[in-house]
Every structure is written in C-alpha cells, then in structure tokens.
Amino acid sequence: MSDASQHTDFDVIVVGGGVAGIYAAHILKNKLGKNVLGIERGDGLGGTWYWNRYPGVQADTDGIVYRYSFDKETSSEWDPEARYQRGAQIRNYLTEVAARHGVDEVYRFGRAAVEARYDDAAATWRVEVEGGEAFTARYLVSAAGVFARPVFPDIPGFDDFAGEIVHSARWPEGTVLDDKKVGVVGTGSTGGQLIVAAAKVADSLTVFQRTPQYVVPAGQSRLDAAEVQEYLENFDANWAAWRATRLACGFDEPEVGAMDVTPAEREAVFERAWERGGGFEFMFGTFADLAFNRESNDAAAEFIKGKIRSIVKDPDVAERLIPSEPYAKRPASVDGYYETFNNDNVELVDVKANPIARIVPQGVELADGTVKELDTLVFATGFEAIEGAYRHFEVAGREGTRLLDQWGDAPSSYLGIATPKFPNFFTLLGPQGVFSNLPPGIEAQMDFVADLITWSDEHDEPVEVSQQVLAQWQEMCNEIANASIFSEVKSWIFGSNVHTDKPRPLFYFGGLAAFREVLDGERAKEFESFRTAS
Ligand code: NAP
C-alpha cells in the first residue's frame with residue numbers, strides 16, 4: 001500500500017510504550033534502521049509511569065540512574081537536582097526522549113494488542129489490536145510490562161459502595177483525596193507513598209494493613225551543583241562503572257558482611273544509611289549479605305524495628321506496624337511513613353486480626369461488625385507481575401502453543417528474553433530476567449536482542465532458544481533465588497501475592513554485571529543457544 005498510515009507489514013512490532021518499549025523502538029529504528037510499529041494501549045507513552053498517577057507517586061531509585069544511559073541530552077523534563085523524580089516528571093522525560101529520537105512516530109496509541117500468532121509457514125508474526133486491525137512482522141518484541149495487570153482483592157460488595165473505589169494503578173483524572181474520608185488497602189511501595197500523601201490532605205485516613213512491611217526513609221533531597229556537574233561531565237564513565245555492579249543503582253556495593261564488623265560498627269552503618277535514605281541502598285549498600293545471611297538480615301530487621309518503636313508514639317500502633325517476617329521483599333522507602341501514623345487523622349486497622357468482611361454503602365465492614373465510613377476506597381493491592389500482561393494479550397508460538405501454557409506454573413524465559421517454541425519473539429523483562437535497576441537492565445536486554453535480530457537477518461534464519469538451554473538457565477535462577485531469604489516471604493517477586501500456592505522466582509538474582517557476562521558469552525558463541533533451526 002502506498003499510504004504509510006495504511007501499512008500493515010513491518011520488520012518489527014514492539015508491544016508496549018514504557019521504558020522498555022521506547023528503548024526497543026529507538027534501537028530498532030535508529031540503530032538497525034528497521035521499519036517499526038509500536039502498539040500502546042494507553043493514549044501516551046510511559047507504560048507503568050503512564051498508568052500509575054496516584055498521589056505521592058515517585059521513583060525510589062535515584063534519578064541519576066533511573067533513566068537511559070544512551071541519552072545524556074534530555075534533561076529539560078528531568079530535574080537533575082532532585083534525588084528522586086516524581087511520576088509526572090518521569091512520564092514527561094520518557095515522552096521527551098521518544099520525541100527527540102523520533103520514536104513517538106512509530107507508535108499507535110489507544111488500542112491494546114490482544115493477540116499475536118506465529119505463522120510457521122511464513123515465519124512471521126501477526127498481531128491483532130482491539131477492534132480487529134492486524135499487522136504482520138518478522139520479529140515481535142514484547143515490552144508489555146511487569147506491572148500491566150493490577151489486582152483487586154476478592155471482597156464482596158464492590159457494587160454496593162456509595163463512594164468511589166479506585167486502584168492506585170488506574171487513578172481517574174480529577175480524583176482528589178482532599179477533605180475526604182479515605183481508606184487505603186495495601187501497604188507495599190505504592191501504599192506507603194499513597195498513605196503519606198493522603199494523610200496530608202484527607203479529612204481522615206484508614207489504613208487497612210494485612211502484612212506490615214519494612215520501610216526506610218527515601219531521603220528525597222537536592223543534589224548540589226557540583227554533584228550534578230560531576231555526573232554530567234563523567235556521564236559515560238559513570239554508567240560504565242554502574243553497569244559493572246549487581247544492581248546499577250548508583251551506589252557502592254560493599255563486599256563486607258554485616259557479621260564481619262562489630263555491633264557498634266554495624267549500628268553506625270545502618271544509622272548512616274537510615275539518615276541518607278533509600279531502600280535499595282539500605283538493603284544492598286550497607287552490607288553484602290542482608291539478602292542471603294540470616295543473622296545479617298535479622299540485624300537489619302532489628303534496626304528498623306527499633307526505629308519504628310522510637311518514631312511511632314502509640315506503642316500498640318508501633319507493634320502492629322512491626323513486621324514479623326524477614327526483611328526480604330523488594331525494599332520500600334518512603335519519607336515520613338512511620339511518622340504519619342502519629343497523625344490524629346490516621347487510623348491503622350490490622351486486617352489479619354480483624355479482616356475486611358465486605359464493602360457496604362457507607363464504607364468497609366470488618367469481621368467484628370465495625371464499619372469504617374469512607375468516601376474514597378483506594379486499592380493499592382499490587383499486580384500480577386510479568387505474567388499478568390499476557391492475560392489479555394494472547395501470544396501463540398509454533399504449532400499454536402500459548403505463551404502462558406508454555407510458562408505454566410514455573411514461568412521462565414532464557415535471560416528474560418526468549419521462550420522455546422516462540423521464534424523471533426523477544427520479551428523485555430520476561431520471567432527470570434535480571435533483578436536490577438530497570439533502565440540499565442532493559443538496555444542490556446534490548447542491545448542483545450538487537451544483536452540477535454542482526455544475526456538472524458544475516459543468516460536468514462529465525463532465532464529460537466532451545467529447551468535444554470532454558471532448563472539450565474531456569475535451574476540456575478531457581479538455585480540463586482531459593483538460596484536467598486527473599487524466597488521465604490510472599491511477594492510479587494515470586495508471584496506469590498497472586499499464585500499463593502506456587503511461588504515462582506521471577507528474576508535472575510545474580511546481578512547485572514554477571515548477567516551482562518552471560519550475554520557477552522552468547523555473543524562470543526554467535527548465539528549458539530538460539531540456533532535450534534540449524
Ligand atoms: P505490592 O508490593 O504487591 O503490595 C500490595 C499490598 O497490598 C501489600 O501490602 C499486600 O499485603 C496488600 N494486599 C493485597 N491484597 C490484599 C487484601 N486482600 N487485603 C489486604 N491487603 C492486601 O504492590 P505495590 O505496592 O503496588 O508495589 C509493587 C511494586 O511496584 C513494588 O515492589 C515496586 O517494584 C513497584 N513500585 C515502585 C515504586 C517506586 O517508588 N519506584 C512505587 C510503587 C511501586 P500482603 O503483603 O499481605 O499481601
């Protein structure tokens with residue numbers, strides 16, 4: 001067809017316009033010179049940052065590393081002086097990067113991809129969007145998102161509520177909490193940010209907490225001019241150094257364990273980290289072994305418990321905020337979290353002791369018959385991570401194999417990228433990809449996918465990982481994850497917030513530096529693991 005807008009056949013289709021999709025479209029279009037179609041169900045770019053607009057939303061990874069390392073120039077929507085960027089700033093930053101590199105032009109917005117099918121005979125992918133329009137391409141890159149599917153709890157009475165019910169990840173434009181009687185269900189990273197923001201403006205705030213979580217201060221602050229200058233002047237060298245660490249979060253990763261120092265030294269290290277703020281920094285920048293050594297983990301947990309007791313004035317409330325499980329979820333950090341429970345307008349309800357029985361017209365009724373009156377009920381109840389993106393986006397590979405069936409109860413993809421029976425199909429942040437600061441993890445994955453595509457083009461051969469290679473990868477990922485204290489706690493990182501009976505490690509915990517070495521090893525072997533067709 002002559003009209004470009006009528007084209008239905010492309011070299012590559014990218015599904016999703018978040019941090020991963022934008023980078024994928026950029027590399028494919030600008031580095032590989034591909035004819036790319038981007039499909040995004042939102043009306044704009046940003047992905048997770050497009051959808052998550054709840055009060056208080058901001059990054060909890062430092063802004064200097066929560067961005068692309070390929071783009072030094074885009075800074076007008078990125079405030080280099082703020083340690084953490086707010087949600088809207090990140091959304092604007094991503095939109096600006098995309099515009100600067102002509103990536104926005106390849107996207108079609110407002111309709112979700114609902115199905116992708118591999119045509120064995122033609123060796124192409126056919127992708128259908130809502131409304132029935134379909135497109136074809138030789139390659140399909142799915143950047144459909146880690147947090148694409150919000151979950152609501154199974155509580156009776158949703159339709160009976162006279163007020164407004166919202167999920168944090170689908171915040172309706174215009175919904176404000178000012179002067180309202182607000183209820184928040186969920187105390188994860190999202191709930192923590194929301195609770196602090198809501199308490200400042202709401203008439204009353206009722207927090208429905210099931211499992212208390214360890215929260216350290218975020219330490220929002222301004223970088224001074226010299227720090228910003230150093231960062232920009234040494235941009236590439238800084239990034240090279242951060243990529244060579246486990247998490248690429250921008251802080252030094254210690255090699256010493258918490259039990260290798262005296263109790264006084266340990267306390268001082270924790271105290272400094274508490275004062276500076278940052279969840280990842282507290283968990284991974286204090287000592288090397290909080291996630292793997294029980295005694296070290298206990299020491300960190302005890303330190304935080306002591307802080308909760310000293311900050312929260314009502315001892316009964318403090319005890320309810322103190323976790324009984326190890327310090328082993330994706331670390332949360334929120335400024336003023338525990339202080340908020342000293343506010344007169346904030347009430348903490350322990351729903352393990354007194355569960356939510358039902359939603360009633362005037363609010364929430366608890367098992368003991370108490371009714372908490374509410375105008376707005378917010379669910380900050382999290383996501384079905386990774387797999388959730390494919391509940392409404394049916395992907396079928398060779399011989400019609402469904403992606404979710406292929407993943408089954410133990411979802412795994414080689415390097416988080418490739419699944420057997422799915423030729424020329426690449427997931428960014430698929431199951432068992434690298435656990436690290438996300439932008440550099442995404443860049444590592446996508447740079448590798450670009451090299452795979454180039455190899456496939458040059459050899460005119462589809463690329464598909466073998467079952468045997470995946471099995472080895474899965475075994476290694478499971479071994480590392482199961483040796484970590486994270487495996488003892490229910491969380492989305494193991495899918496166990498949704499799939500409660502079947503925990504599944506959804507990440508490779510070996511660190512970004514080691515992950516990149518695996519990628520380089522594959523390059524050196526000319527992608528041997530992907531040449532199942534030859
Ligand atoms: P989450 O960590 O899964 O937390 C969900 C919360 O909802 C938990 O407290 C959970 O309690 C509670 N919950 C779920 N079902 C419930 C029920 N039926 N009754 C009562 N409580 C219930 O989800 P999230 O807070 O949205 O965070 C997910 C991830 O998003 C984070 O770990 C992080 O990676 C990312 N995130 C990042 C930022 C940032 O600052 N960059 C901000 C927000 C989120 P249980 O623990 O008992 O299940």
With [X] via salt bridge (Lys or Arg N to Asp or Glu O under 4.0 Å) - residues at least two apart:
X      : value
Glu40  : none
Arg330 : Asp60
Arg276 : Asp62, Glu281
Arg320 : Asp316

Heavy-atom nearest pair, Ala199 first then Val346, reads CB-CG2, 3.7 Å

For Gly183 and Leu374, the nearest pair of non-hydrogen atoms, with its separation, is N-CD2, 3.5 Å

- prompt: Using 30° and 60° as the class limits, which term best fits the ring planes of Trp125 and Phe425: parallel, tilted or perpendicular?
  reply: tilted

With a cut-off of 6.0 Å (strictly less than), are more than 12 heavy atoms of other residues, nucleotides or ligands near [atom1] of [X]?
X      : atom1 : result
Asp501 : CG    : yes
Glu475 : CD    : no
Lys180 : NZ    : yes
Lys200 : NZ    : no

### Worked verdict on Leu194 versus Thr190 for side-chain contact (heavy atoms from CB on, under 4.5 Å)
CA-CA 6 Å; Leu194 239 161; Thr190 303; 4.2 Å; yes

Taking [X] for its side chain and [Y] for its backbone only, find out whether a donor-acceptor pair lies under 3.5 Å.
X      : Y      : value
Gln89  : Arg86  : yes
Tyr338 : Val215 : yes
Thr401 : Gly397 : no
Asn354 : Ala367 : yes
Thr427 : Ile417 : yes
Asn345 : Ala202 : yes
Glu253 : Arg246 : yes
Glu339 : Ile311 : no
Glu464 : Lys421 : yes
Ser189 : Ala332 : no

Roughly how far apart are [X] [atom1] and [Y] [atom2], rounded to 0.5 Å?
X      : Y      : atom1 : atom2 : result
Ser333 : Phe280 : OG    : CZ    : 8.5 Å
Thr95  : Ile90  : OG1   : CD1   : 11.5 Å
Gln85  : Arg91  : CD    : CZ    : 13.0 Å
Cys477 : Gln432 : SG    : CD    : 4.0 Å
Ser412 : Gln406 : OG    : CD    : 10.5 Å
His26  : Asp104 : NE2   : CG    : 13.0 Å

Within a strict 4.5 Å, meaning less than it, do heavy atoms of the [X] and [Y] side chains meet?
X      : Y      : value
Tyr327 : Val216 : yes
Val176 : Val201 : no
Phe135 : Val129 : yes
Val364 : Phe161 : no
Val19  : Tyr23  : no
Val196 : Asp335 : no
Tyr93  : Arg67  : yes
Ile442 : Tyr68  : no

Contacts satisfying salt bridge (Lys or Arg N to Asp or Glu O under 4.0 Å) that involve residues 422-448 (not counting sequence neighbours) are none

Salt bridge (Lys or Arg N to Asp or Glu O under 4.0 Å) pairs touching residues 376-396, sequence neighbours excluded, are Arg149-Glu384, Glu384-Arg391, Glu387-Arg504, Glu394-Arg402

Got a list of side-chain donor-acceptor pairs under 3.5 Å for residues 109-116, not counting sequence neighbours?
from: Arg111; atom 1: NH1; to: Glu130; atom 2: O; distance (Å): 3.4
from: Arg111; atom 1: NH1; to: Glu133; atom 2: OE1; distance (Å): 3.2
from: Arg111; atom 1: NH2; to: Glu133; atom 2: OE1; distance (Å): 2.8
from: Glu115; atom 1: OE1; to: Arg117; atom 2: NE; distance (Å): 3.4

Those residues at least two apart in sequence (or on a different chain) that pass side-chain contact (heavy atoms from CB on, under 4.5 Å) with Thr381 are Pro153, His167, Val185, Phe379

Hits for side-chain contact (heavy atoms from CB on, under 4.5 Å) against Lys490, two or more places apart or cross-chain, chain-then-number order -> Ser496, Thr500

With Phe208 as partner, the option from Asp350, Leu366, Leu348, Val184 fulfilling side chain to side chain contact (heavy atoms under 4.5 Å, CB included) is Leu366

Partner of Val65 under side chain to side chain contact (heavy atoms under 4.5 Å, CB included), picked from Leu438, Asn437, Leu247, is Asn437

Q.
Before we go on, tell me: are the rings of His101 and Phe70 under 6.0 Å apart, centre to centre?
A. yes

Do Phe422 and Phe426 have their ring centres less than 6.0 Å from each other?
no

Sorted by chain and number, sequence neighbours left out, side chain to side chain donor-acceptor pair (under 3.5 Å) with Glu365 holds for Arg358

_Under a 3.5 Å cutoff, is there a donor and acceptor pairing between the side chains of Gln213 and Thr187?_
no

Here the ring pair (Phe, Tyr, Trp, His ring centres under 6.0 Å) pairs for residues 39-63, sequence neighbours left out, are Trp49-Tyr66

So ring pair (Phe, Tyr, Trp, His ring centres under 6.0 Å) across residues 473-500, not counting sequence neighbours, yields Phe147-Trp492, Tyr414-Trp473, Trp473-Tyr508, Phe486-Phe509, Trp492-Phe507

- Query: When you look at Leu28 and Tyr139, which way does the side-chain contact (heavy atoms from CB on, under 4.5 Å) test go after all the steps?
  - Reply: CA-CA 11 Å; Leu28 292 163; Tyr139 303 101; over 6 Å; no

